[in-house]
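Here is the structure we will look at.
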Amino acid sequence: MATTQSYEKGKDLYAYGAVEQVEKQGDSYQARVQGSYLYQVWIDLSGDELHATCSCPYDYGGICKHIVAAGLAITAGEYTETGATELQKQAPEAGEFFASIYPHAHPAQKEAFLQQMLRKNESLRLQFVQFLQNQKEQPAKVQIEHIRDEVTDMLNALEVTFDSINDFAFQHEDRYDNLYGGGWEEDALQDLVEEELNPYTLHIEQCLSQAEWVDAFRLLLGVYEGLQLCDVSEWEDYFSDVAEETKELAFEAILQEFEQHIEQQVLPPSAASAIMATLFARWSRYEHPARSAGRGAAIRYELERFEPLLMLLVTDEATAQAARVQLEGYSLQHPGLAVLMLHIARLLNAPDLWLKTARRFAPERMEVALQLMQYYQQQEEEEPLLELAQEAYQNWPEKLLEPLFSLITYEMDPALYVQLLTEMAHKHQDLASYKELKQYPQLFDIQAFIQQQRAENPHYYIAIMEEEGRYEELLEYAKEDQDSAWDLIPYLRPILNVYPRYCFQLLKSKALSYVEFRGRSNYQRACRHLVEMKKITSMQADFQQLVQQMYSARLPALKDEMRQAGLV
């Protein structure tokens with residue numbers, strides 16, 4: 001479900017203690033994961049599949065690193081049931097608690113703590129020295145245009161055909177499964193591009209290790225611009241179709257490594273300010289066509305993808321003020337930086353600025369809408385909360401389903417609440433939600449909902465029919481699918497003792513047909529059907545006769561499976 005990269009990033013987040021406040025209710029979990037900023041994660045384990053949602057903007061295939069981190073915490077048992085005590089519910093968040101006590105701590109206490117940390121951690125000692133040595137802005141040595149042109153020319157020189165990608169894959173065949181079956185071509189292209197970019201990746205890492213943060217960032221931007229200018233028109237058709245996604249993923253991998261390093265370092269304010277100034281200057285250069293003539297005319301800066309990095313740079317009131325000055329200097333009221341602006345307002349303790357920014361960008365950014373709705377909930381302002389909730393749900397129905405359901409109550413807006421509950425029941429195939437929906441017949445079309453599940457979620461439909469005691473409809477459903485269904489057991493289990501003879505004959509027919517096909521896997525399927533037949537109380541004599549008949553067959557593997565299933 002997660003790419004290798006997302007999984008490894010998620011492991012790192014979990015190891016760094018980024019997962020906070022994991023709560024369990026039934027088969028559902030809600031967690032907060034501290035990444036570039038705080039994300040909400042919802043994981044549901046009911047039904048046959050895992051369903052997971054995160055408030056982060058990740059959209060590169062598979063689940064994001066925050067869901068991975070939360071899943072690892074859940075696997076390790078690091079969660080609390082929702083029956084927590086009121087004292088636990090009212091406990092302040094770690095960040096809020098720190099902010100409340102730090103200003104009042106005596107300077108000697110702070111110094112003693114710092115000295116202990118520096119003695120215990122060599123990496124922190126090195127960072128401290130670098131922090132002191134880099135208080136003044138260092139002149140940049142890396143020329144972005146030079147790196148950009150190098151990357152562009154290097155990628156343009158790549159020969160990307162089925163033959164060349166095939167040769168590359170077989171040179172690195174340990175990386176791929178089923179080379180002879182296909183499906184690896186896009187992965188191989190991705191690896192090839194990342195391998196070509198590896199010298200720049202290593203150069204970035206070297207600069208970061210030497211505290212040359214601005215040069216490392218300029219290298220990063222050179223790669224970003226070079227990837228955009230790469231001409232893929234000469235690539236074989238199949239690969240030119242996936243070229244944009246390949247370039248996006250290649251840069252995202254480098255950017256995430258950069259962010260991870262910055263997250264673990266302490267940068268002097270001058271370096272943080274210089275990085276921000278570099279980014280905004282490049283954005284301004286290409287935002288205005290007259291300034292970007294020549295080779296760079298096709299470059300566009302998507303500021304939203306750099307926002308998590310900027311959040312890592314803006315850590316206190318000083319860097320927040322520097323960022324605000326730069327944003328105002330470039331007239332950068334940009335939706336792609338809306339979450340950053342909220343972060344700045346929070347650090348500057350400017351609630352009016354925060355609220356003004358949130359209201360302006362809530363229609364354009366899901367994360368901003370969610371924060372503003374949480375603000376309205378805390379302030380008990382139901383009217384603006386409901387107005388924004390309805391608008392946000394129209395814009396981001398899948399991403400905001402779980403968050404909105406946690407914010408909206410039936411008393412606040414019955415129609416919206418039932419709409420959300422209906423979608424939750426459909427998405428998670430939850431009987432408890434269905435039972436609650438039945439309490440609102442004026443707002444909930446039960447029959448239409450059941451028919452939808454019949455067409456889209458057969459197992460959920462069966463569970464609902466069993467809950468309703470509508471056994472005749474279940475029987476008809478089983479009859480309709482008896483020839484096409486690979487596994488009839490879920491269809492028949494609720495009605496085994498309601499229509500015993502029919503269910504017995506149908507299960508018997510299926511079991512015998514599996515035996516005819518031979519093979520241990522088919523014998524296992526046959527035994528599963530026999531186990532269900534054993535539950536039909538009025539057919540025990542017929543069941544014992546069938547078991548004896550099958551066990552007497554000269555099929556040792558079948559006998560073995562029957563013994564393991566406890567049938568004999």
Side-chain angles (χ1 to χ4, degrees), residues 123 125-157 193-230 247 250-287 291-297 299-303 305-306 308-310 312-315 318-319 322-323 325-326 329-330:
S123 175
R125 293 197 296 273
L126 176 61
Q127 289 185 55
F128 186 70
V129 172
Q130 293 171 340
F131 184 86
L132 295 178
Q133 292 177 342
N134 287 276
Q135 286 296 316
K136 294 182 178 180
E137 186 175 339
Q138 301 294 318
K141 299 189 290 289
V142 172
Q143 297 300 314
I144 297 176
E145 288 81 2
H146 176 70
I147 301 301
R148 177 196 71 189
D149 293 345
E150 273 191 359
V151 170
T152 302
D153 293 341
M154 175 194 68
L155 293 178
N156 284 345
V193 171
E194 290 185 5
E195 193 169 287
E196 292 294 316
L197 293 173
N198 195 47
Y200 300 96
T201 304
L202 294 175
H203 194 178
I204 291 171
E205 291 176 357
Q206 181 185 16
C207 286
L208 289 171
S209 68
Q210 296 173 355
E212 296 172 350
W213 296 291
V214 178
D215 274 339
F217 187 66
R218 293 174 71 85
L219 280 163
L220 180 77
L221 295 189
V223 173
Y224 179 63
E225 295 183 9
L227 281 165
Q228 289 193 57
L229 293 180
C230 167
K247 293 192 291 183
F251 178 71
E252 191 65 25
I254 301 173
L255 177 60
Q256 286 188 7
E257 289 294 333
F258 192 98
E259 290 172 359
Q260 185 175 343
H261 187 98
I262 296 297
E263 196 167 12
Q264 298 170 28
Q265 299 293 310
V266 180
L267 272 68
S270 60
S273 182
I275 288 174
M276 289 187 286
T278 301
L279 175 63
F280 298 149
R282 300 304 285 187
W283 169 83
S284 178
R285 173 175 181 166
Y286 296 115
E287 186 71 9
R291 301 182 191 173
S292 55
R295 196 170 193 184
I299 294 172
R300 296 284 294 176
Y301 267 78
E302 299 174 7
L303 290 176
R305 74 185 314 164
F306 291 96
L309 173 61
L310 296 174
L312 294 173
L313 298 172
V314 179
T315 57
T319 49
V325 169
Q326 291 194 33
Y330 284 98

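Small disclaimer: the values here were computed from a predicted structure and weren't measured.
Looking at residues two or more places apart in sequence or on another chain, you find no ring-ring contact (aromatic ring centres under 6.0 Å, His included) involving F280.
Under a 3.5 Å cut-off, the side chain of T152 and the backbone N or O of G226 do form a donor-acceptor pair. Side-chain atoms of E196 do not come within 3.5 Å of backbone N or O of L155 as any donor-acceptor pair. In this structure a side-chain-to-backbone donor-acceptor pair under 3.5 Å is missing from S273 to S270.
In this structure, CG on L267 lies 9.0 Å from CG on L208, to the nearest 0.5 angstrom. From L309, atom CG reaches atom CG of L279 across 8.0 Å, with rounding to the nearest 0.5 Å. Summarising the geometry, atom CZ belonging to F306 is positioned 12.0 Å from atom CG belonging to L313; distances are rounded to the nearest 0.5 Å. Atom-to-atom distance recorded for T278:OG1 and D215:CG is 9.5 Å, nearest 0.5 angstrom. To the nearest 0.5 angstrom, Q228 atom CD is 7.5 Å from K247 atom NZ.
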Practice task
Kindly determine whether E150 and H146 satisfy side chain to side chain donor-acceptor pair (under 3.5 Å), including the steps that lead there.
Solution key: CA-CA 6 Å; E150 273 191 359; H146 176 70; 3.0 Å; yes
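Each of R285, E287, E225 was scored for a side-chain hydrogen bond (donor to acceptor under 3.5 Å, both in side chains) with Y301, with one residue passing: E225.
Look at E145 and R282 and you find a salt bridge, because one of the NZ, NE, NH1 or NH2 atoms lies within 4.0 Å of a carboxylate O, short of that distance.
Under the 4.5 Å side-chain criterion, counting only non-hydrogen atoms from C-beta, L255 is not in contact with Y224. The shortest side-chain heavy-atom distance between F251 and L220 falls under the 4.5 Å cut-off. Considering only heavy atoms from C-beta on, I204 stays 4.5 Å or farther from E257 through its side chain. R218 has its side chain out of reach of I147: every pair of non-hydrogen atoms, C-beta onward, lies at least 4.5 Å apart.
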